[in-house]
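Okay, so here's the structure we're looking at.
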Protein chains: 2
Amino acid sequence: MLNQSIANSVVSTNATHTVPSPAVPSPAANPFAEITGHAGLIASEFSYKKDEEIYGEDEPAEYVYQVISGAVRSYKLLSDGRRQIGAFHLPGDVFGLEFGSVHRLAAEAIIDTTVRLVKRRSLEQAAGTDVTVARKLWTMTAHDLRHAEDHMLLLGRKTAMERVATFLLEMDRRLAVAGMMALPMCRRDIGDYLGLTLETVSRALSQLHSQGVLGFSGARQIVLRNRQRLRSMDA
Amino acid sequence: MLNQSIANSVVSTNATHTVPSPAVPSPAANPFAEITGHAGLIASEFSYKKDEEIYGEDEPAEYVYQVISGAVRSYKLLSDGRRQIGAFHLPGDVFGLEFGSVHRLAAEAIIDTTVRLVKRRSLEQAAGTDVTVARKLWTMTAHDLRHAEDHMLLLGRKTAMERVATFLLEMDRRLAVAGMMALPMCRRDIGDYLGLTLETVSRALSQLHSQGVLGFSGARQIVLRNRQRLRSMDA
DNA sequence: CGCGCCTTTGACGGCTCTCAACTTTCGTGG
DNA sequence: CCACGAAAGTTGAGAGCCGTCAAAGGCGCG
């Protein structure tokens, strides 16, 4: 019931599980380039396989990362294994930037992922002499804070359907290409991001599908057919 | 059932509804003093009555505030009135600091409150020339982010009892005097902070009381009698 | 001293979780 | 290119935690 519901002539069938977003935004809008360019910092690249850990919670924060391709989840765990994903990082996003010396959340590659990275101490040092770097660090942290504030509202007060609607609109904004989005993450990841179980996420998506609000082309290829309706559900 | 359960000989009875914390931490630990002292900024004072709005959501962010006395809640609203309190601000805390030009959350005085305030543009300007100020702004935003990340885990994954336990330990740490805390906020505020209803908060507190984990002296005067037990409940 | 807000407590219902079975998709290898 | 097995996703039934509605009690402020 979840397939063949899209006239997806525009979508290449081998696009599954890759995030086809524009690799990295233009240099002008790229905070990493701004910083490294400005301060003459050395940026390396590194790749991680699907589900590979990039760093652990409370691990020393040695590097700051930018997603080049792939996708990353940042999360916290409770002692019994309950997980809260705080953010998904998609191509162009910077993650792992900490004020202190340790990572407050763990990070894992959701799919095969390549990142650019610079040493945190280099950034700190540059910020100590260059106010534009210092300001950029503030900007990036402030951006994360804004997202966290919105997400607290979602987690504390929205219904399951509202959470899923919010999620779809966020992902649509961040990774839709030609009106379609290829989700890199599984239902469990979505649930742990939204404070729900994977079953509840699945049921909400099925309901939206049956109402014609969205179309599937494989469980992770989604087309939004009625964004206005979705926005009205997002409370 | 909620009163006279404490041998509170140390607590003056007229302490209700005032937050008896140390007015403002030592200048060395005071971010506001650090900044204003460093940059020669002008700080004014202002007072708000109980439940008075300090600023609204999406209002221009003209000032940055520091609580001198009293208590403040920062929150977001959904269109139908559901509210998520993102943080409580107690004496010494800085709030209302935004990277952009508008406030992402509204702020209200929980009880009669006096604040110190400086113009945001003054800070921005100072940060443009002084890296220590720029760094301080980053520090404060990073601190808020850390709290928001912890709170997302609470809202997304903790049970009602775990949330209340976490809340009690947080308030104990932040405003306990002589082993007792005088909560400035009502049950509804606590519920809106924890993503619960006021009734659920009340039931959890009653249960902790009946288990001897805490003692009451009026609904808002609480003594923690078994912090270890509470920590084990907070997951 | 008394009114009104805050808090507590109870009964009940429902939204989401849990547990389970089935289906589909996807990666792998023949 | 197809077959196979495992992982991911869907769907159903039932339970439980927390929310809703309601009422009574307590405390604080005027």
Side-chain angles (χ1 to χ4, degrees), chain A residues 1-6 13-18 49-51 80-83 110-112 154-164 182-192 194-210 214 216-222 235, chain B residues 1-6 13-18 49-51 80-83 110-112 154-164 182-192 194-210 214 216-222 235:
Chain A
M1 194 208 242
L2 278 184
N3 41 339
Q4 75 206 57
S5 45
I6 298 173
T13 46
N14 62 357
T16 320
H17 271 206
T18 64
K49 292 224 175 285
K50 175 172 147 72
D51 294 327
D80 63 357
R82 280 172 288 173
R83 182 179 66 161
I110 297 175
I111 53 178
D112 291 357
L154 178 149
L155 294 171
R157 288 305 181 207
K158 290 188 182 179
T159 66
M161 184 55 79
E162 289 166 350
R163 296 180 200 207
V164 171
L183 298 178
M185 73 289 287
C186 65
R187 297 292 187 266
R188 178 177 297 278
D189 286 343
I190 299 173
D192 285 351
L194 300 179
L196 301 171
T197 59
L198 65 92
E199 294 93 334
T200 298
V201 172
S202 179
R203 276 184 251 270
L205 290 174
S206 294
Q207 190 180 330
L208 291 172
H209 183 236
S210 72
L214 56 82
F216 282 106
S217 172
R220 300 192 187 181
Q221 296 266 350
I222 299 180
Chain B
M1 193 206 241
L2 277 184
N3 41 339
Q4 76 205 58
S5 47
I6 297 172
T13 47
N14 62 358
T16 320
H17 269 205
T18 65
K49 293 224 173 286
K50 175 172 147 73
D51 294 328
D80 63 358
R82 280 173 288 174
R83 183 179 67 161
I110 297 175
I111 54 179
D112 290 357
L154 178 149
L155 294 172
R157 288 307 181 206
K158 290 189 182 178
T159 65
M161 184 55 79
E162 289 166 349
R163 296 179 201 207
V164 171
L183 298 178
M185 74 288 286
C186 66
R187 297 293 187 266
R188 178 177 297 277
D189 285 344
I190 299 173
D192 285 351
L194 300 179
L196 302 170
T197 60
L198 64 93
E199 292 94 333
T200 298
V201 171
S202 179
R203 276 185 251 270
L205 290 174
S206 294
Q207 190 180 332
L208 291 171
H209 183 236
S210 72
L214 57 81
F216 282 106
S217 172
R220 300 192 188 181
Q221 296 266 348
I222 299 182

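Per chain, numbering begins at 1; letters A, B, ... match sequence-line order.
Side-chain contact between B/R220 and B/P184 is absent, with no heavy atoms from C-beta onward closer than 4.5 Å. Looking at B/I222 and B/H209, their side chains never come closer than 4.5 Å, going by heavy atoms from C-beta outward.
Look at CD on B/Q221: it is 15 Å from C1' on C/dT7, rounded to the nearest Å. At whole-Å resolution of the value, CG in B/D189 and P in C/dC5 are 16 Å apart. D/dT10 atom P lies 9 Å from atom CG of A/L198, rounded to whole Å. The nearest whole Å value for the distance from the CD atom in B/Q207 to the C1' atom in C/dG10 is 15 Å. At whole-Å resolution of the value, CG in B/L205 and P in C/dT8 are 6 Å apart. The distance between atom CG of A/L208 and atom C1' of D/dT11, rounded to the nearest whole Å, is 16 Å. Rounded to whole Å, atom C1' of C/dT16 lies 17 Å from atom CG of B/L155. Rounded to whole angstrom, the span from the CD atom of B/E199 across to the C1' atom of C/dT7 amounts to 10 Å.
Under a 3.5 Å cut-off, the side chain of B/S202 and the backbone N or O of B/L198 do not form any donor-acceptor pair. In terms of modelled atom types and a separation under 3.5 Å, the side chain of A/D112 and the main chain of A/K50 share a donor-acceptor contact.
A distance of 5.0 Å separates CZ in B/R187 from CG in B/L205, rounded to the nearest 0.5 Å. One distance of note links CZ of B/R157 with CG of A/D192; it measures 4.5 Å at 0.5 Å rounding. From B/I111, atom CD1 reaches atom CG of B/D51 across 10.5 Å, with rounding to the nearest 0.5 Å. We find the CG-OG1 distance between B/L194 and B/T200 to be 10.5 Å, quoted to the nearest 0.5 Å.
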Give me the distances for all protein-to-nucleotides 15-19 of chain D N/O pairs that come in under 3.5 Å?
from: D/dC18; atom 1: OP1; to: B/A160; atom 2: N; distance (Å): 2.8
from: D/dG19; atom 1: OP2; to: B/T197; atom 2: N; distance (Å): 3.4
from: D/dG19; atom 1: OP2; to: B/T197; atom 2: OG1; distance (Å): 3.2
from: D/dG19; atom 1: OP2; to: B/T200; atom 2: OG1; distance (Å): 2.4

Grab the N/O contacts between the protein and nucleotides 1-8 of chain D below 3.5 Å, and write none if there aren't any.
from: D/dA8; atom 1: O3'; to: A/R220; atom 2: NH2; distance (Å): 3.3

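Residues passing the salt bridge (charged side-chain N to carboxylate O under 4.0 Å, His left out) test with B/E162 are A/R82, sequence neighbours excluded. Remark: B/D189 pairs with B/R73, B/R83 by the salt bridge (charged side-chain N to carboxylate O under 4.0 Å, His left out) rule, at least two apart or across chains.
For the side-chain contact (heavy atoms from CB on, under 4.5 Å) with A/E199, the lone residue among A/V201, A/L196, A/T197 that qualifies is A/T197.
Computed from C1' positions of five pairs at each end, the angle between the two local axes of the helix from C/dC1-D/dG30 to C/dG30-D/dC1 equals 50°, rounded to 10 degrees.
Between D/dT11, D/dT10, C/dT9, one nucleotide has an atom nearer to the side chain of A/F216 than all others, and that is D/dT10.
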